[in-house]
Engineer: 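Next up is a structure, given as structure tokens.
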Amino acid sequence: MSEVTPTEPQRLATEARDRVRFEEEALELSDQVYRVARRLVGSREEAEDLMQETYARAFRSWRSYTPGTNLRAWLLRILTNLNIDRGRRRQRAPEMQPLEEGDYFLYNKLEDSSRERRSDQDLVVDRLSQDDVVSALSAVPHDFRDVVVLVDIGDFTYQDAAQILDIPIGTVMSRLHRGRRILKTALAEQTVGG
Amino acid sequence: MQYDDLCDQCEEWMQPYLDRELDDTERAEAEKHLDGCGYCRKRYRFEESLRIFVRQVCSEEMPPELKQKLAALRTPL
């Protein structure tokens, strides 16, 4: 009596189960991925398109994800690559002005321009509006903004951001430093006139 | 409050400190300085609250219909 080997059907069943699990886990992360995506691009429509492209590609190439590794970072790597592929490089090259002032400069500016002494929290919340921050962030040139968004909005480590963007960790640190400085300079201009 | 050389170092450490990227020795040194320096402590607290504020106001919820569209991209069983 010849035996029907169950190997192939079993393999297919296991693969289907793994794929479903992958898809569920990826979908559970979609809120967090969207929060980052939304600030990497200029409009909600672009973010939605980018999310759909990202998830379509992720579901197609799920086998290249290694279970147990950082799935959110893996999804964001697809997303940032697609974003770059979409020809976003229309933006002008960033002006590389020297960073003369230290990291305390925004606090110092706000403090100098405050008539009365208030708490540190008030210095931020009272004087910056949501629109100020969102428009200041969207004006940060892409290369710098990508890193700021991944670390400050996405809460990724420098190492994760380096892997997502495929750049050295030293470049992450320098772009983050400059990106935050550009952001704070814009906030200073909006609140105290530079 | 006097701004001194240690404050310079502390200022350089502020971003990696808040990013939790300093090594143990640097973090301990930064915290020791912050314990005794109101000038730097105020600026660290400000930076931390600025970051929280930026994260809050820049975090936009995903539209529910997008989630449905993403779910529809799954491989049919």
Side-chain angles (χ1 to χ4, degrees), chain A residues 16 19-20 23-24 26-27 30-35 37-39 44 47-48 51-52 54-56 58-60 62 102-104 106-108 110-111 119-125 128-134 136-138 148-149 151-155 157-159 173 176-177 180 183-184 187, chain B residues 1-24 26-27 30 33-34 37-77:
Chain A
R19 191 187 66 225
V20 169
E23 290 174 347
E24 294 301 327
L27 284 171
S30 59
D31 293 281
Q32 294 176 50
V33 176
Y34 178 80
R35 273 199 285 278
R38 178 63 191 88
R39 295 299 160 213
R44 186 176 299 169
E48 293 195 16
M51 285 291 287
Q52 290 184 71
T54 298
Y55 272 76
F59 290 162
R60 273 200 312 273
W62 68 280
D103 265 327
Y104 290 163
L106 180 58
Y107 180 93
N108 293 343
L110 291 173
E111 190 183 57
S119 76
D120 307 333
Q121 182 68 30
D122 290 342
L123 276 174
V124 185
V125 175
L128 300 174
S129 71
Q130 174 163 3
D131 288 347
D132 286 342
V133 176
V134 170
L137 181 62
S138 67
V148 173
V149 169
V151 176
D152 286 356
I153 315 282
D155 203 23
T157 62
Y158 296 172
Q159 187 63 50
M173 290 161 74
L176 186 61
H177 190 65
R180 283 173 173 160
L183 177 65
K184 286 201 274 189
L187 292 176
Chain B
M1 281 181 293
Q2 190 81 38
Y3 189 93
D4 60 24
D5 289 348
L6 286 173
C7 296
D8 272 342
Q9 180 60 68
C10 205
E11 183 170 358
E12 275 183 36
W13 277 337
M14 181 169 72
Q15 302 292 343
Y17 178 87
L18 293 173
D19 290 331
R20 302 180 300 277
E21 299 273 0
L22 285 185
D23 66 35
D24 291 347
E26 291 169 333
R27 191 175 61 249
H33 176 73
L34 288 169
C37 179
Y39 179 90
C40 287
R41 199 164 54 240
K42 278 169 76 173
R43 283 153 181 80
Y44 269 55
R45 277 209 308 263
F46 168 77
E47 184 75 13
E48 193 173 22
S49 55
L50 175 66
R51 292 217 194 159
I52 292 167
F53 184 65
V54 168
R55 184 175 299 186
Q56 277 174 350
V57 301
C58 289
S59 291
E60 195 172 297
E61 293 301 313
M62 181 165 69
E65 57 274 19
L66 176 59
K67 194 153 201 168
Q68 289 166 8
K69 286 179 189 167
L70 298 181
L73 295 170
R74 284 176 298 182
T75 314
L77 289 174

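Note on naming: letters A, B, ... go to the chains in the order of the sequence lines (proteins, then strands), and numbering restarts at 1 for each one.
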Engineer: When heavy-atom pairs shorter than 4.5 Å are enumerated against chain B, which of Met51(A), Gln52(A), Met173(A) gives the highest number?
Structural biologist: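 Sorted descending by pairs with chain B, the first entry is Gln52(A).
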Engineer: CZ/Arg39(A) to OG/Ser59(B) distance, rounded to the nearest 0.5 angstrom?
Structural biologist: 8.0 Å
Engineer: Using heavy-atom distances under 4.5 Å, tell me whether Val149(A) contacts chain B through its side chain, its backbone, both, or neither.
Structural biologist: neither
Engineer: Do you know the tightest heavy-atom contact between Leu73(B) and Phe59(A)?
Structural biologist: O-CD1, 3.4 Å
Engineer: Short question: side chain of Arg55(B), backbone of Asp152(A) - any donor-acceptor pair under 3.5 Å?
Structural biologist: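 Indeed, once roles are kept as given, a pair shorter than 3.5 Å links the two residues.
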Engineer: Please check this pair: side chain of Glu23(A) against backbone of Thr75(B), looking for a donor-acceptor N/O pair closer than 3.5 Å.
Structural biologist: yes
Engineer: Measure distances from Leu66(B) to the heavy atoms of chain A and classify the residue's part below 4.5 Å as side chain, backbone, both or neither.
Structural biologist: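 Answer is side chain: those atoms of Leu66(B) sit under 4.5 Å from chain A.
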Engineer: Checking the side chain of Glu11(B) only, and the main-chain atoms of Tyr104(A) only, is there a donor and an acceptor separated by less than 3.5 Å?
Structural biologist: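 Side chain of Glu11(B) to backbone of Tyr104(A), a donor-acceptor pair under 3.5 Å: yes, one is there.
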Engineer: Counting C-beta onward and ignoring hydrogens, is there a side-chain heavy-atom pair between Arg43(B) and Asp103(A) closer than 4.5 Å?
Structural biologist: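 No, side chains not in contact.
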Engineer: Find the distance between OH (Tyr107(A)) and OH (Tyr39(B)) and round it off to the nearest 0.5 Å.
Structural biologist: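 If we round to the nearest 0.5 Å, Tyr107(A):OH and Tyr39(B):OH are 9.0 Å apart.
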Engineer: Between the main-chain N or O of Tyr158(A) and the side-chain N or O of Glu21(B), is there a donor-acceptor pair closer than 3.5 Å?
Structural biologist: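 Yes: the side chain of Glu21(B) pairs with the backbone of Tyr158(A).
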Engineer: Considering only heavy atoms, which portion of Leu137(A) lies under 4.5 Å from any heavy atom of chain B: side chain, backbone, both, or neither?
Structural biologist: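 Looking at Leu137(A), just its side chain touches chain B.
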Engineer: Which value, rounded to the nearest 0.5 Å, describes the distance between Met62(B) atom CE and Gln32(A) atom CD?
Structural biologist: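 Here the rounded value is 10.5 Å.
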Engineer: Under a 4.5 Å cutoff for heavy-atom pairs, which residue among Val151(A), Val133(A), Leu183(A) has the most contacts with chain B?
Structural biologist: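 Heavy-atom pairs under 4.5 Å are most numerous for Val133(A).
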Engineer: Taking all atoms of both residues into account, what is the closest heavy-atom pair of Glu48(A) and Pro63(B), and its distance?
Structural biologist: OE2-CG, 3.2 Å
Engineer: If you measure from CD on Gln56(B) to CD1 on Ile153(A), what distance do you get to the nearest 0.5 Å?
Structural biologist: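 Result: 11.0 Å between the selected atoms.
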Engineer: Side chain from CB out, backbone as N, CA, C, O: work out which of these in Glu47(B) comes under 4.5 Å of a heavy atom of chain A, or both, or neither.
Structural biologist: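 Contact with chain A: side chain only.
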Engineer: Counting only heavy atoms closer than 4.5 Å, note whether Asp131(A) contacts chain B via side chain, backbone, both or neither.
Structural biologist: neither
Engineer: Test side-chain contact (heavy atoms from CB on, under 4.5 Å) on Glu60(B) and Val134(A) and set out the steps.
Structural biologist: CA-CA 11 Å; Glu60(B) 195 172 297; Val134(A) 170; over 6 Å; no
Engineer: Just so I understand: if I count every heavy-atom pair under 4.5 Å between each of Thr54(A), Val33(A), Asp155(A) and chain B, which residue has the most?
Structural biologist: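 The answer is Asp155(A).
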Engineer: Identify the heavy atoms of Pro76(B) and Arg19(A) that sit nearest to each other, and give their distance.
Structural biologist: O-NH2, 4.0 Å
Engineer: Please classify the contact of Arg74(B) with chain A as side chain, backbone, both or neither, using a heavy-atom distance under 4.5 Å.
Structural biologist: both
Engineer: Which bit of Thr157(A) comes within less than 4.5 Å of chain B, counting heavy atoms only: side chain, backbone, both or neither?
Structural biologist: both
Engineer: With a 4.5 angstrom heavy-atom cut-off, is it the side chain or the backbone of Arg180(A) that approaches chain B, or both, or neither?
Structural biologist: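 For Arg180(A), side-chain heavy atoms alone lie under 4.5 Å from chain B.
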Engineer: Quick one: do Asp132(A) and Val57(B) satisfy side-chain contact (heavy atoms from CB on, under 4.5 Å)? Show the steps, please.
Structural biologist: CA-CA 10 Å; Asp132(A) 286 342; Val57(B) 301; over 6 Å; no
Engineer: Do Leu176(A) and Asp19(B) have side chains that approach each other closer than 4.5 Å (heavy atoms only, starting at C-beta)?
Structural biologist: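 SC-SC contact between Leu176(A) and Asp19(B) confirmed.
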Engineer: So which heavy atom on Leu128(A) is nearest to which on Phe53(B), and how close?
Structural biologist: O-CZ, 3.3 Å
Engineer: Quick one: what part of Leu106(A) sits under 4.5 Å from any heavy atom of chain B, side chain, backbone, both or neither?
Structural biologist: both
